[in-house]
Amino acid sequence: MFEVTLPDGTVKGFDRPVTLGEVAAAIGAGLAKAAVAGRVDGRLVDLSHRVDHGVTVAIITMQSPEGLEIIRHSASHLMAQAVKELFPGAQVTIGPAVENGFYYDFDFERPFTTGDLTAIEARMQQIVERNDVITRSEVGRDEAVTFFKGMGEQYKAEIISAIDAAQPLSLYAQGNFIDLCRGPHVPSTGYLKAFKLLSVAGAYWRGNSANKQLQRIYGTAWADAKSLRAHLHMLEEAEKRDHRRLGKELDLFSIQESAGGGLVFWHPLGARVRQAIEAYWRETHIAAGYEFLYTPHMANLDLWKTSGHVDFYRDSMFHSMHVDEQEYQIRPMNCPFHILVYQSRMHSHRDFPIRWAELGTVYRYELSGALHGLFRVRGFTQDDAHVFCREEQIEDEITAILDLTLATLGTFGFQEFDIFLSTRPEKSVGSDAIWDQATTALGNAIRKHHLDFVEDRGGGAFYGPKIDVKITDCLGRKWQCSTIQLDFNLPERFDITYIGEDGGKHRPIMIHRALMGSLERFFGILLEHYAGRFPLWLAPVQGVVLTITDAHHPWAIAVRDRMRAAGLRVDADLRNEKIGYKIREHTLKKIPWLLIVGDREQEQKAVSPRDGSGKDLGLMPLEGLIETLVAQVRERKV
RNA sequence: GCCGAUGUAGCUCAAUUGGCAGAGCAACGGAUUUGUAAUCCGUAGGUUUGGGGUUCGAUUCCCCACAUCGGCUCCA
């Protein structure tokens with residue numbers, strides 16, 4: 001007789017050893033049905049795990065995050081089983097669950113094709129119908145190595161040699177497929193009902209490009225068909241919102257082969273959005289006490305030697321160019337230039353804080369295969385700024401920067417933040433005292449905003465601690481844009497100083513910060529977040545006046561000009577086309593306001609607007625509408 | 001950079017086993033003067049990403065380059 005304790009504190013007694021599956025059944029039939037694994041004294045185990053003495057037990061259901069992870073992990077094994085059945089020559093390597101799905105890496109003589117994926121998925125379905133039981137067994141280290149070598153699974157043998165000798169090794173068998181795995185897994189393949197294979201791509205063995213390249217098959221798996229459908233729908237939605245596609249459809253920007261990859265051309269309509277963003281940026285920075293700098297895009301390479309970028313950032317820098325017996329470098333960062341401006345004269349402690357901002361365009365060498373639309377480019381503009389201050393001003397400055405960050409992101413429609421505080425790594429510069437003081441100041445600044453944060457211990461740069469802010473878009477995807485970093489290194493390297501109250505030279509603190517990060521990337525995120533339907537204040541074309549016939553041209557032009565005079569970006573469509581055609585066309589261009597003018601409107605000096613909802617709002621006096629729209633733009637309403 | 005896939009008109013896509021490169025939309029011309037998501041007719045548009053090669057003949061097969069797409073951290 002022994003008792004197991006459940007998460008809610010209730011206790012169940014058993015008079016013989018039972019499996020977790022039986023424990024679940026004893027609690028309730030519904031739970032037993034949804035159960036995929038369990039937790040015994042905090043350790044994840046299979047449902048077949050036997051308990052025979054007093055322990056705490058939690059049953060993990062397929063709807064829980066942990067249950068989903070187990071389903072995905074088991075789905076990856078199911079896929080490996082299908083692959084081995086179809087292609088016995090393929091060697092299995094690793095296959096974990098990842099966010100929303102799973103993958104498995106194989107070493108196979110030829111590339112898998114999309115046709116293979118279809119076949120593998122079909123075989124997976126067969127194995128599910130077969131409902132192979134999944135069983136766990138423990139083996140000795142030598143036995144396991146011999147076993148996998150005997151099967152020609154070299155990678156598995158290699159994995160074992162990397163595992164701590166004290167740790168027991170477990171094998172999972174399903175049908176004829178046996179894999180080395182920590183588990184746990186679902187009890188049988190029949191539990192896996194909702195999955196789909198998505199893609200195949202290369203991946204290096206152990207993520208190291210020096211190793212052999214394997215083939216990684218990605219899939220997604222869910223507890224039920226409905227969740228799977230929802231996820232696939234989300235993927236479709238993401239594809240529809242793809243900024244590369246919208247950028248082309250809405251004629252906002254392009255990246256051109258003849259110019260080179262990763263270099264962005266902003267077209268007139270994209271430039272209008274950027275202008276709106278920059279105007280807002282300028283306004284808020286003036287209000288927050290910043291001054292603006294304009295600095296060159298290239299400079300003598302020696303500057304980058306002094307800054308240390310040549311030593312630790314070389315891989316991301318373009319090669320230097322030879323000019324008049326000297327080496328010049330196109331800039332990968334703006335900070336050394338701001339330091340040069342600082343150094344151009346003496347500074348007093350009374351000058352602080354100095355806040356200098358620049359929309360600084362930088363060029364970084366990214367691997368050709370890493371380029372991706374506006375998200376990963378080789379030339380981009382940072383909303384960069386550097387604050388020089390004294391140690392005791394750090395907390396106030398960080399607080400103010402955080403204010404500005406949250407206000408900025410909020411204005412663009414992002415209200416959900418994940419904040420990370422990264423602390424001192426092993427290899428770093430600066431004294432313990434300054435690191436402690438600065439790290440505390442960063443934490444205090446976050447707490448002042450009543451925000452939670454995750455501490456990334458040892459995750460800071462070698463030159464100082466930092467705060468990163470991630471935003472969540474309307475599809476739930478997270479993006480890191482903002483970063484606030486302290487720098488104890490550059491002031492040292494450039495030997496910048498100020499004269500303190502004591503008349504002696506002191507070293508200022510330097511803070512780097514970017515709120516949107518890269519304007520290109522931020523623009524891409526906005527495009528996807530709004531699916532191209534920008535809030536009025538950002539929309540490249542805020543309204544179009546549509547005429548019914550030629551007779552309405554004079555009033556249409558008057559409306560357009562009146563709205564333009566009010567500061568709105570409005571065009572008139574005077575083409576000899578039917579109104580339905582014009583509406584369709586401008587709706588597809590995602591224009592926020594369509595203003596229809598015909599006989600009635602012309603007579604009454606009015607317009608009949610349609611807003612983003614696509615509804616005809618009926619006859620409306622022009623001036624009233626202008627007032628509403630101008631107010632929305634002024635408020636930057638989202 | 002590496003692996004795989006892709007590259008045809010401004011855009012989205014066709015083109016049997018290698019045999020005269022096509023459609024829709026857009027553009028242009030004409031007709032139509034139209035009331036809430038596509039009016040009709042016509043015209044023009046291409047060194048098939050670029051460069052080599054095989055062949056009587058290459059969009060198609062081979063090689064090289066470039067670009068784009070999916071990946072390359074998430075531990076058996």
Side-chain angles (χ1 to χ4, degrees), chain A residues 69 73 76-77 80 92-99 102-105 108 110-114 116 139 141 144-145 148 153 155-164 167-172 179-183 198-218 239 242 244-245 248-249 251 254-263 315 365-373 546-553 574-589 594-601 608-610 614-619:
Chain A
E69 195 176 327
H73 190 186
S76 110
H77 276 237
V92 293
T93 68
I94 60 167
V98 292
E99 198 180 353
F102 60 89
Y103 66 79
Y104 209 112
D105 287 347
F108 190 45
R110 66 166 176 82
F112 288 120
T113 64
T114 47
D116 292 333
V139 288
R141 203 182 165 85
V145 171
F148 283 110
E153 300 284 6
Y155 293 91
K156 288 291 173 187
E158 192 183 326
I159 289 163
I160 294 167
S161 63
I163 295 175
D164 181 5
Q167 210 179 318
L169 296 176
S170 54
L171 299 184
Y172 278 82
D179 201 358
L180 175 74
C181 185
R182 186 167 43 192
L198 297 175
S199 61
V200 57
Y204 298 104
W205 170 234
R206 297 193 177 259
N208 184 340
S209 61
N211 291 338
K212 182 161 186 191
Q213 182 139 16
L214 308 171
Q215 293 185 66
R216 174 170 298 179
I217 302 179
Y218 281 92
E239 201 179 318
D242 191 312
R244 294 166 297 190
R245 174 190 178 133
K248 190 180 276 181
E249 282 173 7
D251 196 14
S254 61
I255 292 171
Q256 303 190 36
E257 182 175 347
S258 57
L263 301 170
D315 289 350
Y365 175 74
E366 295 285 353
L367 296 177
S368 60
L371 300 176
H372 179 92
L546 312 182
T547 51
I548 304 289
T549 76
D550 293 353
H552 313 117
H553 284 190
L574 306 179
R575 292 176 304 172
N576 175 14
E577 294 288 354
K578 288 187 161 175
I579 194 68
Y581 179 87
K582 294 185 184 182
I583 286 171
R584 175 182 160 79
E585 192 157 276
H586 295 107
T587 301
L588 291 175
K589 290 286 184 192
L594 301 183
L595 310 170
I596 286 96
V597 300
D599 290 337
R600 294 195 292 275
E601 291 78 9
S608 288
R610 272 169 75 105
K615 276 201 301 269
D616 177 2
L617 302 182
L619 209 67

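On a predicted model such as this, the values are computed, not experimentally measured, just so you know. Below, chain A is the first sequence line, B the second, and so on; all start at residue 1.
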* **Position toward the 5' end of RNA chain B (nearest nucleotide), A:R575 or A:H77** => A:R575
* Look at the side chain of A:E366 and the base of B:G1, then say whether one donor and one acceptor between them are separated by less than 3.5 Å. => no
* Side-chain N,O (A:S199) to OP1/OP2 (B:G71) below 4.0 Å -> no
* More 5' along RNA chain B: A:F112 or A:I160, using each one's nearest nucleotide? -> A:F112
* Asked: Judged by atom type as modelled, is there a donor-acceptor pair below 3.5 Å linking the side chain of A:K156 to the main-chain atoms of A:V92?
  -> no
* Closest to the A:R216 side chain: B:A37, B:U39, B:C72? -> B:C72
* Asked: When the ring planes of A:F108 and A:F112 are compared, do they come out parallel, tilted or perpendicular, using 30° and 60° as the limits?
  -> parallel
* Output the single nucleotide from B:U39, B:G70, B:G35 whose closest atom is nearest the side chain of A:A201. => B:G70
* Scan A:G580 against the nucleic acid and name what it touches under 4.0 Å (heavy atoms): base, sugar-phosphate only, or nothing. => sugar-phosphate
* To do: Check for a donor-acceptor pair, side chain of A:K582 on one end and backbone N or O of A:R575 on the other, with a separation under 3.5 Å.
  => yes
* Nearest-neighbour nucleotide for the A:D616 side chain, B:G35, B:U36, B:A37 considered -> B:U36
* To do: Answer whether the closest heavy-atom distance between the side chains of A:E158 and A:T93 falls below 4.5 Å.
  => no
* To do: Go through B:A26, B:G35, B:C74 for me and flag the one nearest to the A:V98 side chain.
  => B:C74
* Does B:A65 have a Watson-Crick or wobble mate here (both distances under 3.5 Å), and if so which one? -> B:U49
* Asked: Do any side-chain nitrogens or oxygens of A:R244 fall under 4.0 Å of OP1 or OP2 in B:G70?
  -> yes
* Taking the side chain of A:Y581 as its heavy atoms from C-beta onward, which of B:A38, B:U33, B:G35 lies nearest to it? -> B:A38
* Structure fact -> Of B:A37, B:G70, B:C66, the nucleotide closest to the side chain of A:E257 is B:C66
* Asked: What is the nucleic acid contact for A:K615, judged by heavy atoms within less than 4.0 Å: base, sugar-phosphate only, or nothing?
  -> nothing
* With distance as the sole criterion, do the side chain of A:Y204 and the base of B:C2 form a donor-acceptor contact below 3.5 Å? -> yes
* Does B:A37 have OP1 or OP2 sitting under 4.0 Å from an N or O in the side chain of A:K578? -> no
* Structure fact -> Of the candidates B:A37, B:U33, B:C11, the side chain of A:T549 sits closest to B:U33
* To do: Identify whether any heavy atom of A:H372 sits under 4.0 Å from a base atom; if not, whether one sits that close to sugar-phosphate; answer base, sugar-phosphate or nothing.
  => sugar-phosphate
* Asked: Can you find a donor-acceptor pair, distance only, under 3.5 Å between A:Y103 side chain and B:G70 base?
  -> no
* **Nearest to side-chain heavy atoms of A:I255, which nucleotide of B:A37, B:U68, B:U39** => B:U68
* Which part of the nucleic acid, if any, lies within reach of A:S608 when heavy atoms closer than 4.0 Å are counted: base, sugar-phosphate only, or nothing? -> base
* To do: Select base, sugar-phosphate, or nothing to describe what A:K248 touches, counting heavy atoms under 4.0 Å on all strands.
  => sugar-phosphate
* Residue A:E601, side-chain atoms from C-beta onward, closest of B:U36, B:A76, B:G35 -> B:G35
* State which of B:G35, B:A76, B:C72 makes the closest approach to the side chain of A:Y218. => B:C72
